[in-house]
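Remember, predicted model here, so these are calculated numbers, not experimental data.
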Amino acid sequence: MIREFSSSDVLFIVGAIRWTLILSAIAFVGGAIGGMLIALARTAQNTLLQRVAQAFIAVFQGTPLLMQLFLVYFGLTVAGLPIDPLMAAAVALTLHASAYLGEIWRGAIQSVPTGQSEAASALSLSYTHRMRYVVLPQALRVATAPTVGFLVQLIKGTSLASIIGFTELTRAGQIVNNATFQPFLVFGTVAALYFVLCWPLSLIARHMESRMRRAITR
């Protein structure tokens with residue numbers, strides 16, 4: 001039976017924001033760890049590590065996020081390893097984020113002038129100390145703005161988790177719409193909430209890019 005869209009529906013949708021944020025946080029932290037490993041492998045002098053990292057990036061940047069979600073959720077279920085929708089979404093989004101953050105951070109590391117690394121080598125610093133004290137602190141400044149920009153994309157990407165039944169913001173909207181059949185009102189509310197989440201981060205990323213551009217042109 002179709003009913004009216006009410007304040008309780010709004011509260012239900014707003015309450016689902018926490019799952020969007022939890023999933024985004026898990027995927028971003030996991031993606032940050034994976035992305036750093038990918039970036040270090042891509043910039044290492046070991047050819048095998050470079051090729052493994054390239055293959056990983058090619059797979060996860062060359063296939064839709066939706067297919068990755070399906071493969072993790074249904075693939076493990078078919079293999080006799082049933083997985084919770086939250087866990088499946090977290091795994092798929094973490095792998096997806098690792099590939100993109102790895103490339104962002106690889107570019108940032110390679111933007112540091114090679115003379116810096118060579119000077120550190122001349123001071124007999126090990127690879128670990130070179131990266132920790134010389135290269136990564138400088139790369140971090142370059143990578144901050146695109147990393148925040150990617151976080152915005154990741155938050156919006158969590159909406160695809162609704163396909164495998166995880167009740168985040170978009171799925172909550174679908175549930176309410178099925179009961180009220182007022183798609184413009186319901187999904188307009190969902191879109192507004194995504195905007196509230198993402199717009200401030202977009203402004204921060206833009207501000208950081210402007211500061212970085214000014215610092216480079218000085």
Side-chain angles (χ1 to χ4, degrees), residues 5-36 60-61 63-70 72-73 84-105 108 140-212:
F5 183 64
S6 64
S7 58
S8 62
D9 293 320
V10 175
L11 291 175
F12 175 69
I13 294 173
V14 170
I17 286 178
R18 70 183 187 278
W19 292 112
T20 292
L21 293 176
I22 288 171
L23 180 56
S24 300
I26 293 172
F28 186 72
V29 172
I33 296 170
M36 181 54 69
F60 285 96
Q61 287 194 354
T63 55
L65 176 57
L66 183 60
M67 296 302 108
Q68 294 163 17
L69 281 164
F70 281 156
V72 172
Y73 184 63
D84 179 74
L86 171 60
M87 184 63 71
V91 170
L93 284 164
T94 294
L95 294 171
H96 176 79
S98 297
Y100 279 88
L101 289 176
E103 271 300 82
I104 290 171
W105 293 349
L140 181 64
R141 288 200 316 163
V142 178
T144 301
T147 299
V148 175
F150 177 75
L151 177 58
V152 174
Q153 299 303 318
L154 191 63
I155 291 172
K156 290 188 284 189
T158 59
S159 63
L160 292 175
S162 62
I163 299 295
I164 59 173
F166 178 60
T167 308
E168 40 65 65
L169 195 48
T170 300
R171 179 63 182 156
Q174 290 172 344
I175 292 170
V176 172
N177 183 58
N178 290 341
T180 61
F181 201 64
Q182 296 187 55
F184 185 79
L185 196 55
V186 172
F187 291 114
T189 303
V190 171
L193 291 173
Y194 273 114
F195 180 77
V196 169
L197 288 177
C198 295
W199 189 56
L201 290 173
S202 298
L203 289 180
I204 291 171
R206 202 175 306 158
H207 177 66
M208 287 179 171
E209 285 178 358
S210 299
R211 285 187 58 186
M212 183 62 62

Quick check: do I155 and F28 have side-chain heavy atoms less than 4.5 Å from each other? no
Quick one: closest heavy-atom pair of E168 and S159, and the distance? OE1-CA, 3.5 Å
Hey, mind stepping through V91 and Y73 against side-chain contact (heavy atoms from CB on, under 4.5 Å) and telling me if it holds? CA-CA 9 Å; V91 170; Y73 184 63; over 6 Å; no
Aromatic rings W199 and F195: how do their planes relate, parallel, tilted or perpendicular, breaks at 30° and 60°? parallel
Let me see the working for L21 and L197 under side-chain contact (heavy atoms from CB on, under 4.5 Å), right down to the final yes or no. CA-CA 9 Å; L21 293 176; L197 288 177; 3.9 Å; yes
Would you check if the side chain of R18 reaches a backbone N or O of G15 as a donor-acceptor pair within less than 3.5 Å? yes
Closest non-hydrogen atoms of A205 and V148, given as atom of the first, atom of the second and distance, are CB-CG1, 3.9 Å
Check A143 against A108 and note the closest heavy-atom contact, atom names and distance. CB-CB, 3.7 Å
Write down the atom of A97, the atom of L154, and the distance for their closest heavy-atom approach. CB-CD1, 4.3 Å
dist Q174:CD -> L169:CG (nearest 0.5 Å) comes out at 10.5 Å
Quick one: does V186's side chain get under 4.5 Å of F5's, heavy atoms only? yes
Taking side chain as C-beta onward, heavy atoms only, is I22 less than 4.5 Å from I26? yes
Non-hydrogen atoms of A99 and Q61 that approach each other most closely: O-NE2, 3.6 Å
Interatomic distance, L185 atom CG to T180 atom OG1 [nearest 0.5 angstrom]: 7.5 Å
Sub-4.5 Å side-chain heavy-atom contact between I175 and F12: yes
Could you check whether any side-chain N or O of Q153 sits under 3.5 Å from a backbone N or O of K156, counting only pairs where one atom can act as donor and the other as acceptor? no
Measure the spacing between SG of C198 and CG of L203 and express it to the nearest 0.5 Å. 11.5 Å
With rounding to the nearest 0.5 Å, note down the distance linking OG1 in T144 to CD1 in I204. 12.0 Å
Does L69 reach the side chain of I163, with side-chain heavy atoms less than 4.5 Å apart? no
Test side-chain contact (heavy atoms from CB on, under 4.5 Å) on F70 and I164; report intermediate values, then the result. CA-CA 7 Å; F70 281 156; I164 59 173; 4.2 Å; yes
Heavy-atom nearest pair, F150 first then H96, reads CZ-CD2, 4.3 Å
Any side-chain heavy-atom pair of D84 and F166 under 4.5 Å: no
Within the 3.5 Å criterion, strictly below it, is a donor on Y194 or T170 matched to an acceptor on the partner's side chain? yes
